[in-house]
Number of protein chains: 2
Amino acid sequence: MSEPRWLNETELRAWTGFLETSDLLHRMVEQQLREVGGVTTVQYDILHRLNESPEKRLCMTDLAERLVSSRSGITYQVAQLEKAGLLRREDAPDDERRVLAAITEKGRRVLETTAPGHVEAVRAGLLDSLTPDQVAQLAAIMDATRARLRDTVQLHPPRKARSR
Amino acid sequence: MSEPRWLNETELRAWTGFLETSDLLHRMVEQQLREVGGVTTVQYDILHRLNESPEKRLCMTDLAERLVSSRSGITYQVAQLEKAGLLRREDAPDDERRVLAAITEKGRRVLETTAPGHVEAVRAGLLDSLTPDQVAQLAAIMDATRARLRDTVQLHPPRKARSR
DNA sequence: GCGGTTTGCTTCGAATTCGAAGCACTGATG
DNA sequence: CATCAGTGCTTCGAATTCGAAGCAAACCGC
C-alpha cells in the first residue's frame, strides 16, 4: 500500500470550499422556500418535477428516481403534500399497483409564486458571486463530475441482490 | 414586481449540476467512510477537527461553529462517538459550564486508517474528473461563493431574538 | 458580595430520512 | 387457469437533525 497522495493547497480549497458552499447554499434556498412558499426544498422539487412532466403527474417510483430519495421517503413527502392540498394521489388506470401524484391548481400556484424568489436566491447565493466566465466554467466542471459520479455511485442497493 | 430573470441554459446547468453533484459526492464519501471506518461523515468531521486542533480537544460550541450543525446535534454525535470510544468528554478546568471533547488514541487510529481512502474517494469523485485548470477554477469559484454566503446566510437564529 | 443577565450544554419532542419487511397486483410459465 | 417470481407502494422502527426550553455556572453592575 503506497503513501496516499494528499491534497495540495488548491485541491483542498476546491474540496472544502465545495463542501461548505453546498451546505450554505442549501440552507439559503431552504430558508427562502420556507418563507415564501411554505414548502421545503424536497417538496418544491417534487412539485417542480410533476409540473414539468407532460401529464402533470408521475408515479411514485419515477419520482423517487428523478429526485434522489428512497421510495419510502417519497411516500412520506407525497403524503405531506397531499395533506397540504398541493397534489392529489390517483390510481393509475392501467396498473392497479401504481399510484400517481398529480399536481393540483393550488400546487401550481405555489410554484408560480415561489419560483421567482427561488431563482433570485440562486442568483444571489451562487451566480451573482461569479463572472460569466466562471459560471460557464462551473457548468462544465459540474457536467464532467456529474457524468462520472452517476456511473460510480450506487444509489440504492438492488432489490434482490444479484451483483454483476 | 418585474419579470424574474430566468436562468439561461448555462446558468441552469451550473445550478442543477451543482445540486446533483453535491448530493452524489456526499453519498459517495459517506459510503466510503462507513465501510472503511465505520463512521459517518459528520463523525469523521468531528474527529478531524479535534485532531487538527492544537490541544486535540475542543468544547462543544466551538465544534458546532466549525461544523455547521446545531449545538444539540453536536451533543448527540459526541455522545455517539464517546460510546464508540473515539473521544472522551472532559470538564474544562477553567469553566465549569464547558465540556471538552478530546480525541482518544482509538479515535486517532480511525482517522489514520480512514484518511487515505477518504482522500482517494475525493479524488475519484471530484478531482480526477477535472483538469488541473478546472481544479483551480473550482477553488476560485468556491472561494468567491463561500465568502459571499458566509455573510448572507444566517445559520442559527440569535438566542435572545431582537431583530434589527 | 448580590441579583439579573448571559453563556454553555443537555433534554425534549417534532420532523425527516432510510432500509427491511410486508401487502397487493402483474405477468410469465406451464 | 394456477403458480410463483417480480414490481409498486406503504408501514415500521431506527437514526439523525433541529429549535425551544431548561439548568447550571459565570459575568456584570452596583
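To find a chain, count down the sequence lines: A is the first, B the second, and so on, and within it residues start at 1. All heavy atoms count here, side chains included; hydrogens, waters and symmetry mates do not.
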Using modelled atom types only, decide if a donor and an acceptor are shared between the side chain of A:K83 and the backbone of A:V78 within a distance under 3.5 Å. no
Let me know the distance between CD of B:E90 and P of C:dG8, rounded to the nearest Å. 18 Å
What nucleotide, of D:dA26, C:dC9, D:dC18, holds the atom closest to the side chain of B:D95? D:dA26
Atom CG of B:D45 and atom P of D:dT17 are separated, to the nearest Å, by 11 Å
A:T75 side-chain proximity, nearest of C:dT11, D:dC9, D:dA26: D:dC9
Check this for me: does any side-chain nitrogen of one of A:R88 and A:E82 sit under 4.0 Å from a carboxylate oxygen of the other? no
Check whether any side-chain N or O of B:T40 sits under 4.0 Å from OP1 or OP2 of D:dT16, and answer yes or no. no
For A:M142, does its backbone N or O pair with a side-chain atom of A:T145 as donor and acceptor, under 3.5 Å? no
If I take atom CG in residue B:L100 and atom C1' in nucleotide D:dA25, what distance separates them, rounded to the nearest angstrom? 15 Å
Spacing of A:D62 atom CG relative to D:dT7 atom P, expressed in whole Å: 14 Å
Any ion pair linking A:E9 and A:R13 (charged N to carboxylate O, less than 4.0 Å)? yes
Do the side-chain N or O atoms of A:R27 get closer than 4.0 angstrom to the phosphate oxygens (OP1, OP2) of D:dC18? yes
Touch class at under 4.0 angstrom, heavy-atom based, for A:S72 against every strand present: base
Where the side chain of A:M60 is concerned, which of C:dT26, D:dC9, D:dA26 is the nearest nucleotide? D:dC9
Once you round it to whole Å, what is the distance between P of D:dT16 and NZ of B:K83? 9 Å
Provide, to the nearest angstrom, the distance between the CZ atom belonging to A:R34 and the P atom belonging to C:dT16. 7 Å
Round to the nearest Å and state the distance from B:R98 atom CZ to C:dT10 atom C1'. 16 Å
Among the nucleotides C:dA15, D:dC18, D:dC9, which one has an atom lying closest to any side-chain atom of A:Y76? C:dA15
Identify which nucleotide among D:dC9, D:dA25, C:dC9 has an atom closest to any side-chain atom of B:E96, counting heavy atoms from C-beta outward. D:dA25
Check the surroundings of atom CD in A:E105: do more than 12 heavy atoms from other residues, nucleotides or ligands lie under 6.0 Å from it? yes
Donor-acceptor pair (no angle test) under 3.5 Å: A:R97 side chain, C:dT26 base: no
side-chain N/O B:R71 vs D:dG22 OP1/OP2, d < 4.0 Å: no
Whichever of A:Q43 and A:D94 has the more 5' nearest nucleotide on DNA chain C, that residue is A:Q43
B:L33 CG - D:dT16 P separation (whole Å): 14 Å
Tell me whether the side-chain N/O atoms of A:Q80 come closer than 4.0 Å to OP1 or OP2 in C:dT16. yes
Give a yes/no answer on whether the side chain of B:Q77 brings an N or O atom under 4.0 Å of OP1 or OP2 in D:dT17. yes
In terms of the angle between their ring planes, are B:Y44 and B:H118 parallel, tilted or perpendicular, with boundaries placed at 30° and 60°? tilted
